[in-house]
Amino acid sequence: MMSAARNTQRLAICLWSAVTLSLLAWILVGYPWPVCVLAALPLLAPLNGLIKGRRYTYAWATLFAVPYLTFALTELLVNPSARWVASISLFLVFGWFCTMVLFLRASPAHRE
């Protein structure tokens with residue numbers, strides 16, 4: 001794998017971890033912990049493919065990030081007490097999304 005693709009993959013995995021932790025941080029603004037854990041659980045679905053550098057996983061995981069982007073943006077706009085955690089979550093999810101797109105651009109496409 002090319003160096004740029006490998007670096008982007010590492011960054012995507014780090015941002016995935018940060019997004020997962022940011023969802024658990026919603027406990028600090030009053031969300032019940034079971035809701036935060038349930039919100040973070042679906043993020044385990046792409047983890048194996050992200051670690052193995054599977055382009056297909058990176059492609060569908062970009063779509064997978066959209067509900068998290070929507071949630072963070074909505075909370076940023078309508079929940080004043082949670083704006084700080086919503087801002088962090090939005091920044092991290094957007095960064096994760098962009099990093100996955102960059103990985104797809106940096107990694108070689110397999111042609112048959």
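Any value given below was found using the heavy atoms of this structure, including those in side chains, with hydrogens, waters and symmetry copies removed.
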A.B. asks: State, yes or no, whether a side-chain contact exists between F64 and P42 at a heavy-atom distance under 4.5 Å.
C.D. replies: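 Heavy-atom side-chain distance check passes, below 4.5 Å.
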A.B. asks: Please report the shortest heavy-atom distance between S81 and N79, naming the atom on each side.
C.D. replies: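 Closest pair (atom of S81, atom of N79, distance): OG-OD1, 2.9 Å.
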A.B. asks: Mind checking whether L47 and L63 sit in one hydrophobic cluster, side chains of I, L, V, M, F, W, Y counted as touching below 4.5 Å?
C.D. replies: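 No, separate clusters.
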A.B. asks: Give me the atom names and distance for the closest heavy-atom approach of W16 to L43.
C.D. replies: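 Smallest heavy-atom distance, with atoms named: NE1-O, 2.7 Å.
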A.B. asks: As an exercise, state the distance from CD1 of I13 to OG1 of T8, rounded to the nearest 0.5 Å.
C.D. replies: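 I13 CD1 to T8 OG1: 11.0 Å, rounded to 0.5 Å.
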A.B. asks: Shortest non-hydrogen contact from A40 to L23?
C.D. replies: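 So the two residues come closest at CA-CD1, 3.9 Å.
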A.B. asks: What distance separates T99 OG1 from L104 CG, expressed to the nearest 0.5 Å?
C.D. replies: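 Here the interatomic distance stands at 11.0 Å.
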A.B. asks: Ignoring hydrogens, what is the shortest heavy-atom contact between M100 and A65? Give both atom names and the distance.
C.D. replies: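 What the structure gives for the nearest pair is CE-CB, 4.3 Å.
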A.B. asks: How many angstroms lie between CG in L73 and OG in S89, if you round to the nearest 0.5 Å?
C.D. replies: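 So the gap between those two atoms works out to 12.0 Å.
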A.B. asks: Any chance CZ of R55 has more than 12 other-residue heavy atoms, nucleotides or ligands included, within less than 6.0 Å?
C.D. replies: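 Atom CZ in R55 is crowded, with more than 12 foreign heavy atoms closer than 6.0 Å.
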A.B. asks: Measure the CZ-CH2 distance between R54 and W60 for me, rounded to the nearest 0.5 Å.
C.D. replies: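 Reported value, rounded in 0.5 Å steps: 10.5 Å.
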A.B. asks: Using every non-hydrogen atom in the two residues, find where L92 and A18 come nearest and quote the distance to one decimal.
C.D. replies: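 In terms of heavy atoms, the two residues are closest at CD1-O, 3.6 Å.
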A.B. asks: Do V66 and Y56 sit in one hydrophobic cluster, given that two such residues count as connected whenever their side-chain heavy atoms are within less than 4.5 Å of each other, even indirectly?
C.D. replies: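 V66 and Y56: separate clusters.
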A.B. asks: Heavy atoms, side chains only, cut-off 4.5 Å: are V85 and L28 in contact?
C.D. replies: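 The answer is no; the side chains never approach within 4.5 Å.
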A.B. asks: Would you list the pairs meeting ring-ring contact (aromatic ring centres under 6.0 Å, His included) in which at least one residue belongs to residues 66-94, sequence neighbours left out?
C.D. replies: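 Counting only pairs at least two positions apart or across chains, the ring-ring contact (aromatic ring centres under 6.0 Å, His included) contacts touching residues 66-94 are W26-F71.
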A.B. asks: Supply the atom-to-atom distance L11 CG to Q9 CD, rounded to the nearest 0.5 angstrom.
C.D. replies: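 One gets 11.0 Å once the value is rounded to the nearest 0.5 Å.
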A.B. asks: Kindly indicate, with the supporting measurements, whether the criterion side-chain contact (heavy atoms from CB on, under 4.5 Å) is fulfilled by W96 and L50.
C.D. replies: CA-CA 11 Å; W96 181 47; L50 294 176; 4.1 Å; yes
A.B. asks: If you compare all heavy atoms of L90 against all heavy atoms of L76, which two are closest, and at what distance to 0.1 Å?
C.D. replies: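 What the structure gives for the nearest pair is CD2-CD2, 3.9 Å.
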A.B. asks: Measure the OG1-CZ distance between T62 and F97 for me, rounded to the nearest 0.5 Å.
C.D. replies: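 That separation rounds to 5.5 Å.
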A.B. asks: Can a donor-acceptor pair be found, under 3.5 Å and without considering hydrogens, that links the side chain of E75 to the backbone of R83?
C.D. replies: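 Flag not set: sc E75 to bb R83 has no pair under 3.5 Å.
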A.B. asks: Does one hydrophobic cluster hold both L41 and L15, with members joined at side-chain heavy-atom distances below 4.5 Å?
C.D. replies: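 L41 clusters together with L15.
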